[in-house]
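Just below is one structure, and these are the notes that go with it.
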Number of protein chains: 2
Amino acid sequence: MDKDITIYDIAKELDLSPTTVSRALNDHPAVNKNTKQKICDIAAQMGYRSNIFASNLRKQRTNTIGVIVPRLNSPFMSSVMAGMEKEANNADYNLIITQSLETMQKEITNARTMFDSRVDGLLVSLAYETDTMDHFEPFISKGTPVIFYDRVIEHNQCTSIVIDNFQAAYKATCHLAKQGCKRILHLTANQKRNVYADRLKGYRYALIDNNLPFDESFVLITNLSEEAGVEAAQQILKMQPMPDGLFVSNDTAAVSCMRELQKAGIMIPDDIAVVGFNNDPISRVIEPNLTTVNYPGYEMGEVAVRSLIHHLNGLSDITITNTITLRSELIVRASSLRTKIE
Amino acid sequence: MDKDITIYDIAKELDLSPTTVSRALNDHPAVNKNTKQKICDIAAQMGYRSNIFASNLRKQRTNTIGVIVPRLNSPFMSSVMAGMEKEANNADYNLIITQSLETMQKEITNARTMFDSRVDGLLVSLAYETDTMDHFEPFISKGTPVIFYDRVIEHNQCTSIVIDNFQAAYKATCHLAKQGCKRILHLTANQKRNVYADRLKGYRYALIDNNLPFDESFVLITNLSEEAGVEAAQQILKMQPMPDGLFVSNDTAAVSCMRELQKAGIMIPDDIAVVGFNNDPISRVIEPNLTTVNYPGYEMGEVAVRSLIHHLNGLSDITITNTITLRSELIVRASSLRTKIE
DNA sequence: ATTGTTGTTGCAATCGGTTGCAATATAAAA
DNA sequence: TTTTATATTGCAACCGATTGCAACAACAAT
């Protein structure tokens, strides 16, 4: 197993040309059946493996998909990655994964790496901060497809894969209103990102439709970390009057906020009803169980990769498709259910 | 931005040879300072980017690390991935990630993919089922370094990166014994894997050292999924007498088991004290908070990549290093603390 | 016997960098 | 002035697979 076997070695062995060997191994129709069989047998026997660099160099295609993700270690994003990996693997594509850690700087560097790696396509979920698309232009102008998922942006050459954040937030807020909440606070993140902007909008429309006043001081913009949840709770405790409903843009912050409120003696859902977002495992563990929006991460990953590969194979065209919206649903649990009202 | 710029284009532009251009861009010492400067300037200006396939083809090196992981979507593994990505990115390496989904079949396919992709090194955490190492032999005999992390196996050419599972389990079990538990049940997984075999061993030694009898029916082998936790709870409820202590090999199963027990009216920790493993976020959310073993996933990922790259750069030799053991610690929380005993 | 068709194979160029060795220029030493 | 050392640069082969085009054989159609 010292030196690598090449098609030249196989060719010499069978007294054929490298051309024929190459064709045989790629199942080209213009090769005699017997010859093909013989070549494949010998190849297997000699332990041949194709040199993908030579192949890529020649074919100008890499069979590699680049993924830029804000953070790998969140339950939602790791589900997305798992779904992507499965689909990519099925279609014989490799995945190169990098994380932006929510900074635009790293996102730009990552994009550059992907570009240099000549990925066949790029899947991106934007960092909190990102406010320019310049780093994706090289892909566009080279014709490399770019698909945004979850944290997306409008671009006339790129498909976006999302859930209906407006709708989800609208329903979540309406649900709180139905439970009798009059002063609903919204804890969310950077408004540059569609997911948070849309949710805020959904929240506002729901307030209007339920004849509740909108109060700017009832919208807290944070990074939705565990700590942010705690801080939000401390702020809430100081409010006069306190909110009686809480709609948080992710479960991590919702849970840590709930716990901090509980520590201060607040009863959930009676004093404050809470709704989260994502349906992370913790939402089913916290007491009372957290009402949340189920967010199909795994499917989102699958769909993203599948769309990309379809496009690469010419089976569809993502420059035409604008947006793919996946179904999400409000899962009502005890954290927002006021039995007395029901 | 239509056609890619090559070193030939730059060469022509400056009336130099491609050789010199290549050398200049790689900061080769045998190139005149001024020439180098000029070349770099033009390259930047023309938007040149190196074709890594041509380069890899010639250099027989890929600057890519392969990672095989059982599942991407677990809090522990996604932390490991995050740590790996950070370190790899720092050192200008790419990561190709695949998941075995706990089957040996997929692990073998993945290894094959990695081999074909000619990764410079391989990081592996074994699937539950795996019981042969044949699929890693091609790497070994080609001199491609392989490092195992977490779910490891003894191999005289490979370094393993682990925590001291024996020690951790020993401490966890002793802790339960100190809390007055006399009948401690151990819920764990496939004994093919070091992590679970070592923990069982730690559990057994702890029983001995605390003068507690070992009972085979008190060791449940499962896949540690959420469902497995529920089933374990149902089994436990049927036991006569019931265990009064529970040491579970991960937090997911520990939590779902606890909840099922609580549903049946069991008081935790008074009727049954529980210890988990991993320090997942849910362990801090469940009521009562789960005592668990803190498991440095992020660091493990960092260390794995760092060791690999050091080896690749000749700064160390992983065929000499046998095992790198990271620190872990028992985090005592309410799920195992019996105040009356304290 | 001639032309056409189909099936199979090979030639040679190509993808874009890298590198051993030789060539040349320039400066320093004899 | 000649010799030797040093600094720069280029030639040409190479890495391994792919592919347009031509070549050739075998056989059918005319």
Side-chain angles (χ1 to χ4, degrees), chain A residues 2-40 42-44 46-64 92 115-120 142-144, chain B residues 1-40 42-43 46-64 92 115-120 142:
Chain A
D2 250 0
K3 228 186 98 270
D4 275 335
I5 306 293
T6 71
I7 52 170
Y8 298 94
D9 300 323
I10 299 179
K12 204 171 295 168
E13 193 74 16
L14 291 172
D15 206 23
L16 286 166
S17 76
T19 305
T20 305
V21 175
S22 170
R23 291 208 179 102
L25 293 171
N26 287 305
D27 208 25
H28 192 290
V31 177
N32 184 281
K33 254 189 163 183
N34 301 323
T35 318
K36 201 179 284 183
Q37 189 60 51
K38 227 179 303 176
I39 290 174
C40 291
I42 279 276
M46 295 175 78
Y48 167 81
R49 57 179 183 142
S50 165
N51 186 315
I52 54 166
F53 300 110
S55 172
N56 287 344
L57 174 58
R58 183 61 225 245
K59 290 199 295 189
Q60 309 278 28
R61 205 179 201 253
T62 64
N63 262 77
T64 298
D92 256 320
F115 193 64
D116 289 345
S117 301
R118 286 175 158 69
V119 293
D120 289 338
K142 244 193 113 244
T144 303
Chain B
M1 179 79 62
D2 249 4
K3 228 188 97 272
D4 275 335
I5 305 295
T6 70
I7 52 171
Y8 298 93
D9 300 324
I10 300 178
K12 205 171 293 169
E13 192 75 17
L14 291 172
D15 206 23
L16 285 166
S17 76
T19 306
T20 305
V21 175
S22 170
R23 291 208 179 102
L25 293 172
N26 287 304
D27 208 23
H28 192 290
V31 177
N32 184 283
K33 256 189 162 183
N34 299 325
T35 318
K36 201 179 284 183
Q37 188 60 52
K38 227 181 299 175
I39 290 174
C40 291
I42 280 275
M46 294 175 80
Y48 167 81
R49 58 178 180 143
S50 166
N51 185 316
I52 54 166
F53 300 110
S55 173
N56 286 344
L57 175 58
R58 185 60 224 245
K59 289 200 294 188
Q60 310 279 28
R61 207 179 198 253
T62 66
N63 262 75
T64 297
D92 256 319
F115 193 64
D116 290 345
S117 301
R118 287 175 158 70
V119 295
D120 289 339
K142 245 193 112 247

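Each chain gets a letter, A, B and so on, in the order its sequence line appears, and its residues count up from 1.
In this model, the phosphate group of D:dG10 is approached by a side-chain N or O of B:Thr20 to a distance below 4.0 Å at OP1 or OP2. A close approach under 4.0 Å does not occur between any side-chain nitrogen or oxygen of A:Gln60 and OP1 or OP2 of C:dT14. Neither OP1 nor OP2 of C:dT18 sits under 4.0 Å from any side-chain N or O of B:Tyr8.
Atom CG in A:Asp27 sits roughly 17 Å away from atom P in D:dA17 (whole-Å rounding). Whole-Å rounding puts the A:Lys36 NZ to C:dT9 C1' distance at 13 Å. In this structure, the CG atom of B:Leu16 is 20 Å from the P atom of C:dA23, given to the nearest Å. Here the P atom of nucleotide D:dC14 and the CG atom of B:Asn51 are 21 Å apart, to the nearest Å. The distance from atom CD1 of B:Ile39 to atom P of D:dG10 is 8 Å, rounded to the nearest whole Å. Regarding B:Asn56, its CG atom lies at a distance of 19 Å from the P atom of C:dC15, rounded to whole Å.
Comparing D:dT9, C:dC15, D:dC14 against the side chain of B:Arg58 picks out D:dC14 as the nearest. Between D:dT9, D:dA17, D:dG10, one nucleotide has an atom nearer to the side chain of A:Ser55 than all others, and that is D:dA17. Nearest nucleotide to the A:Asn32 side chain, out of C:dG16, C:dT8, C:dT19: C:dT8. If you check C:dG10, C:dT18, D:dC15 against the side chain of B:Leu57, the one that comes closest is D:dC15. Here the side chain of B:Ser22 is nearest to one of D:dA17, C:dG16, C:dT18, namely C:dT18. With D:dT18, C:dT8, D:dA17 as the candidates, the nucleotide lying closest to the side chain of A:Lys59 is D:dT18.
Side chains of A:Ser22 and A:Thr19: no donor on one and acceptor on the other come within 3.5 Å. A donor and an acceptor atom, one from each side chain of B:Thr62 and B:Asn56, are nowhere located under 3.5 Å apart.
Residues B:Ile7 and B:Arg23 each lie close to DNA chain C; by heavy-atom proximity, the contact nearer the 5' end of the strand is made by B:Ile7. Toward the 5′ end of DNA chain D lies the nearest nucleotide of B:Pro29, the other residue of the pair B:Pro29 and B:Arg118 mapping further downstream.
In this structure, B:Phe53 and A:Arg58 have side chains that are not in contact, with every pair of non-hydrogen atoms separated by 4.5 Å or more. Within the 4.5 Å cutoff, side-chain heavy atoms of B:Ile7 are placed close to those of B:Tyr48.
Residue B:Arg61 places no side-chain atom within donor-acceptor reach of the base of C:dG17, judged by atom type and a 3.5 Å distance cut-off alone. Contact annotation: side chain of A:Ser17 to base of C:dC11, donor-acceptor pair absent below 3.5 Å. For A:Thr19 and D:dT18, a side-chain-to-base donor-acceptor distance below 3.5 Å is absent, hydrogens and geometry of angles not being considered.
End-to-end axis angle for the helix from C:dA1-D:dT30 to C:dA30-D:dT1, using five pairs per end and rounding to 10°, comes out at 60°.
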